[in-house]
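What follows is a short report on a single structure.
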Amino acid sequence: MNDLAAVDQTRIDALVADLVEAIGADAVSTEAAALARASIDGSHLSPVITELLPLGRAQVVATPTSAAHIAAAVGAAVRHGVPITPRGKGTGNYGQGIPMAGGLVLDTTRARRVLEVGDDFIEAESGAVMWMLEQTANRAGRQLWMYPSTAQTTVGGFVSGGSGGTGSIANGLLHQGFVKAVEVIRAVPDAAPEWMEGEEAIPYLHAYGTTGILSKVRIATEPLQPWRAFLASFDTFEQVVSLMRPFAALEPTPRLVSGDRARIAEALPSDLGIPAGRASLRAILDEGSLAEATRLVEAAGGRVDDVREGAQHTVKLSMSSYNHPIEWLQKSAPGEYFHLEVLGDALVDDLAAVESVYPEAMLHIEAQRGRPIGMLAARYTSAQDVLAGFERLAALGVQTHNPHQWAVDFEPDRAAALAAVTDPRGLLNPGKLGAQASAYTGTQM
């Protein structure tokens with residue numbers, strides 16, 4: 001985009017005055033550096049989107065320190081007709097957090113109180129960091145059902161933009177019972193919190209804040225298990241891939257199982273448990289499954305390089321899973337690689353065919369409940385070449401998720417219908433719903 005969208009400065013000035021009165025001068029900024037920080041996310045992971053940047057620029061940033069102040073900021077923005085882009089840590093990878101219509105960026109990271117630790121849940125303000133919630137649950141003898149590979153992201157950001165993570169092998173995706181309830185702020189002048197439980201909460205998940213701004217989240221916990229970081233290596237990646245299903249079937253169920261070719265593994269931060277020149281398998285396993293896991297590795301021709309106890313080791317493995325190996329690969333060769341998110345049995349059963357879809361392609365693989373998932377990385381040439389591979393992957397029975405666009409893709413029709421009610425003026429994260437998103441690129445997403 002050459003001409004970035006912006007709101008008339010008179011309305012911005014009036015909003016700033018109201019925000020200062022409602023949530024305090026320290027929580028409102030129009031400083032150039034703050035606006036610049038609030039206008040980017042992890043879009044560098046997509047060379048397709050990188051070519052389109054900049055996509056938007058904030059005109060004011062609010063950092064409310066409580067759920068009540070989040071509601072106050074939303075109400076003020078609506079009264080002045082100013083678009084609102086919610087933001088957590090800004091770790092979303094595909095432009096979901098970029099303020100494409102300008103206006104207000106609502107940074108929730110200072111509203112981070114843990115509110116309650118129940119028998120089977122933990123409740124917090126939306127800016128609470130997921131790893132902090134995991135540690136809080138641990139002290140009560142519990143663990144989160146899951147947390148994202150980017151463990152320092154906020155709970156509001158995770159449930160608004162994520163899908164699954166460490167723990168999904170056992171517990172599925174975040175809309176499958178993980179989120180028990182949310183407090184939602186609608187885009188209306190007298191914005192006030194509304195509490196949504198169970199099925200009522202689901203339409204607000206993975207919607208990028210387009211259906212409502214989350215101010216509090218209640219998520220599921222379960223009894224704490226004795227997790228170990230398990231690192232193994234092999235001569236070939238095919239040996240790693242052959243263990244995805246057996247490892248997913250271990251009892252107790254693993255929390256994470258990741259695998260990479262040597263080229264990708266060597267791009268990860270240096271670790272004696274990830275030896276150079278060898279394909280890598282990394283897992284978070286219950287100590288009760290270690291003996292069987294070791295047997296499986298050795299039977300497949302590999303070796304166990306290390307087993308480590310302690311949360312600092314297991315979270316490190318989380319941070320080398322899902323998109324992270326691709327990000328490290330890109331850092332090792334800036335501008336050279338793109339990736340797709342892929343799902344299907346062919347990742348194991350027809351690996352060579354999957355990797356042949358793009359020249360020099362390499363699969364990062366994850367064990368998952370049902371079928372394996374992965375990130376297929378390859379040399380980037382053009383957006384057209386990326387799209388051309390989708391049909392070939394589909395012919396192999398591989399489902400794809402396009403990480404090179406920012407439109408809501410979880411029940412998009414339902415999200416648009418709900419947003420028409422909760423956001424009648426179209427002020428919540430504009431540009432991220434169906435036809436809106438297409439308008440920013442001139443193409444159908």
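Being a predicted model, the structure only gives us computed values, none of them experimental.
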| Salt-bridge contact R142-D119 (side-chain N to carboxylate O under 4.0 Å) | no

| query | Are the side chain of D41 and the backbone N or O of Q96 linked by a donor-acceptor pair below 3.5 Å? | reply | yes

| query | Is the closest side-chain donor-acceptor distance between D409 and H206 under 3.5 Å? | reply | yes

| Judged by atom type as modelled, is there a donor-acceptor pair below 3.5 Å linking the side chain of T221 to the main-chain atoms of F121? | yes

| request: Would you please classify the geometry between the F230 ring and the F247 ring as parallel, tilted or perpendicular, with 30° and 60° separating the classes? | output: tilted

| request: Look at the aromatic rings of H339 and H404 and report parallel, tilted or perpendicular, splitting at 30° and 60°. | output: perpendicular

| message | Tell me whether the NZ or CZ atom of R261 lies within the 45° cone about the ring axis of F237 and under 6.0 Å from its centre. | response | no

| task | State which residues pass side chain to side chain donor-acceptor pair (under 3.5 Å) with E411; sequence neighbours excluded, sorted by chain then number. | result | none

| Where the side chain of S233 meets the backbone of R278, is there a donor-acceptor pair that is under 3.5 Å apart? | no

| field | Check against salt bridge (Lys or Arg N to Asp or Glu O under 4.0 Å), R303 and D305 | value | CA-CA 6 Å; R303 71 177 188 231; D305 294 296; 2.7 Å; yes

| query | Which residues pass the side chain to side chain donor-acceptor pair (under 3.5 Å) test with H69, sequence neighbours left out? | reply | none

| Results of side chain to side chain contact (heavy atoms under 4.5 Å, CB included) for Q368 - residues two or more places apart only | S168, I169, Y322, I373

